[in-house]
Amino acid sequence: MSRTVIAFIVLAALIVIGALAWMLTRPAADPALDQAARLDSPYWTDADRLVDIDGVMARVRSEGPADAPVIVMVHGFSYSLESWDGWAEDLSADHRVIRMDLPGHGLTGPDPLQRYSVPQTVEFLGALLDELGLDHVTLAGNSLGGLVSWRLAAQRPDLVDRLVLVAPGAYSINGVTDQPVAVPMGVSFYLTSAPEAMVAAASAGLYGDVSRMDPALPARVHALMQTPGVGQALVERLEVFTLPDPTADLAQVQAPALVLWGGRDVMIPVEQAARIAADLPQAELIIHDDLGHILHEEDPARTVADVRAFLAQ
């Protein structure tokens with residue numbers, strides 16, 4: 001047996017042992033600690049506030065002129081509202097930009113009732129916009145956030161005027177259909193206990209060109225995943241995550257949509273881009289061949305220019 005094979009077996013065994021140790025020793029979430037950790041976080045800003053949405057204390061950030069057109073941005077799985085910093089900096093000059101951490105993410109923290117399914121997250125987003133008194137918005141979402149955004153647009157055509165979908169979830173991937181799949185032990189370990197170096201390596205895979213990754217991103221993602229209860233909430237979300245055939249629901253979306261995709265997306269195949277653009281009644285598709293899954297972070301200047309051109313139509 002070669003040394004390479006032996007080293008691989010040893011590494012795999014260490015990962016399994018580490019995961020088992022995590023499962024046996026992980027501490028229970030402390031709600032009081034959770035609240036303190038959120039408010040004391042270096043990622044909390046003066047533009048943030050907590051909004052109670054049916055028992056979920058959601059971190060919400062609002063920037064830009066209060067009387068300007070509203071654009072709401074919804075982040076992807078395991079990320080946070082900081083994912084949209086590049087776009088928000090540009091668009092808040094002449095838009096009211098609203099972002100939030102979804103339940104079980106970032107400084108929102110876990111939902112006490114563990115409501116993490118896609119339909120429940122759609123319900124959360126609609127309730128949040130209602131609580132903020134918003135009745136006409138442009139809704140932008142990446143990955144999980146894109147899935148939640150277009151599903152809310154299908155259910156609430158009176159609320160969503162336009163959609164910006166950045167590599168959104170829709171069709172089956174990784175074996176997920178209308179039934180969830182079991183969460184591998186290694187994935188659970190990553191979401192709850194991964195060191196920053198492992199988060200950095202995983203984050204690099206979301207880029208078409210890793211040299212474009214902000215050096216501060218891995219530390220931010222790692223720190224927010226360590227918010228008390230968040231890692232376990234991410235696992236619980238995967239345990240109920242489904243992707244039923246979306247074709248009929250996409251046909252219900254009345255809002256014009258801009259669909260952005262990276263040609264080097266390894267998370268959701270770029271082959272799905274043309275399909276979702278065809279299934280949406282009014283869609284414009286732009287593929288940037290050199291970008292990855294989080295193209296709004298990888299090249300915010302180029303992609304926000306696409307958004308501005310779309311909003312100007």
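None of these values were measured; they are calculated from a predicted model.
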By side chain to side chain contact (heavy atoms under 4.5 Å, CB included), which residues pair with Arg308, not counting sequence neighbours?
Asp90, Leu91, Asp94, His95

Looking at Arg302 and Asp290, does any basic side-chain N land under 4.0 Å from a carboxylate oxygen?
yes

Taking it one step at a time, do Leu129 and Leu152 satisfy side-chain contact (heavy atoms from CB on, under 4.5 Å)?
CA-CA 11 Å; Leu129 301 189; Leu152 181 60; 4.2 Å; yes

Can you tell whether the side chains of Arg220 and Glu297 come within less than 4.0 Å, N to carboxylate O?
yes

Indicate, with yes or no, if Val118 and Val253 share a hydrophobic cluster defined by side-chain heavy-atom contacts under 4.5 Å among Ile, Leu, Val, Met, Phe, Trp and Tyr.
yes

Which of Asn174, Val181, Leu144 passes side chain to side chain contact (heavy atoms under 4.5 Å, CB included) with Phe241? Answer is Leu144

Ser172: side chain to side chain contact (heavy atoms under 4.5 Å, CB included) partners, not counting sequence neighbours
Thr177

Using only atom types and a distance under 3.5 Å, with no angle test, would you say the side chain of Trp150 pairs donor to acceptor with the backbone of Val164?
no

Using side chain to side chain contact (heavy atoms under 4.5 Å, CB included) as the criterion, list what pairs up with Arg49, not counting sequence neighbours.
Val51, Leu132

Under a single-linkage definition using a 4.5 Å side-chain heavy-atom cutoff for Ile, Leu, Val, Met, Phe, Trp and Tyr, are Val97 and Val160 assigned to the same hydrophobic cluster?
no

Salt-bridge test for Asp249 and Arg151: reply yes if a basic N is under 4.0 Å from a carboxylate O, no otherwise.
yes

If you count the non-hydrogen atoms of other residues, nucleotides and ligands that lie under 6.0 Å from CD in Gln282, is the total more than 12?
yes

Answer yes or no: is there a donor N or O on one side and an acceptor on the other, between the side chain of Asp265 and the main chain of Pro269, under 3.5 Å?
no

Side-chain contact, heavy-atom cut-off 4.5 Å: Val304 with Trp84?
no

Do Ile173 and Leu250 sit in one hydrophobic cluster, given that two such residues count as connected whenever their side-chain heavy atoms are within less than 4.5 Å of each other, even indirectly?
yes

Any side-chain heavy-atom pair from Val266 and His293 closer than 4.5 angstrom?
no

Could you check if a side-chain atom of Leu217 sits within less than 4.5 angstrom of a side-chain atom of Ser203, using non-hydrogen atoms only?
yes

Would the distance check show the side chain of Asp101 and the main-chain N or O of Leu107 forming a donor-acceptor pair, the cut-off being under 3.5 Å?
yes

Can you find a pair of side-chain heavy atoms, one from Val56 and one from Thr108, that are under 4.5 Å apart?
yes

CG of Leu295 to CG of Leu206: how many Å apart, nearest 0.5 Å?
11.0 Å

Would you mind writing out the side-chain donor-acceptor pairs for residues 63-80 within the sub-3.5 Å range, not counting sequence neighbours?
unit_1 : atom_1 : unit_2 : atom_2 : d
Glu63  : OE1    : Arg99  : NH2    : 2.7
His75  : NE2    : Leu102 : N      : 2.9
Ser80  : OG     : Glu82  : OE1    : 2.6

Exactly one of Val137, Asp130, Asp135, Leu125 should register a side chain to side chain contact (heavy atoms under 4.5 Å, CB included) with Arg156. Which one does?
Asp130

Who pairs with Glu236 by side chain to side chain contact (heavy atoms under 4.5 Å, CB included), at least two apart in sequence or on another chain?
Gln114, Tyr116, Gln232, Glu239

Using side-chain heavy atoms (C-beta onward) and a distance below 4.5 Å, is Leu165 in contact with Leu258?
no

Under the ring pair (Phe, Tyr, Trp, His ring centres under 6.0 Å) test, which residues partner Trp261, sequence neighbours left out?
none

Can you check whether His105 reaches Met100 side chain to side chain, under 4.5 Å on heavy atoms?
no

Minimum side-chain heavy-atom gap Pro184-Val187 below 4.5 Å:
yes

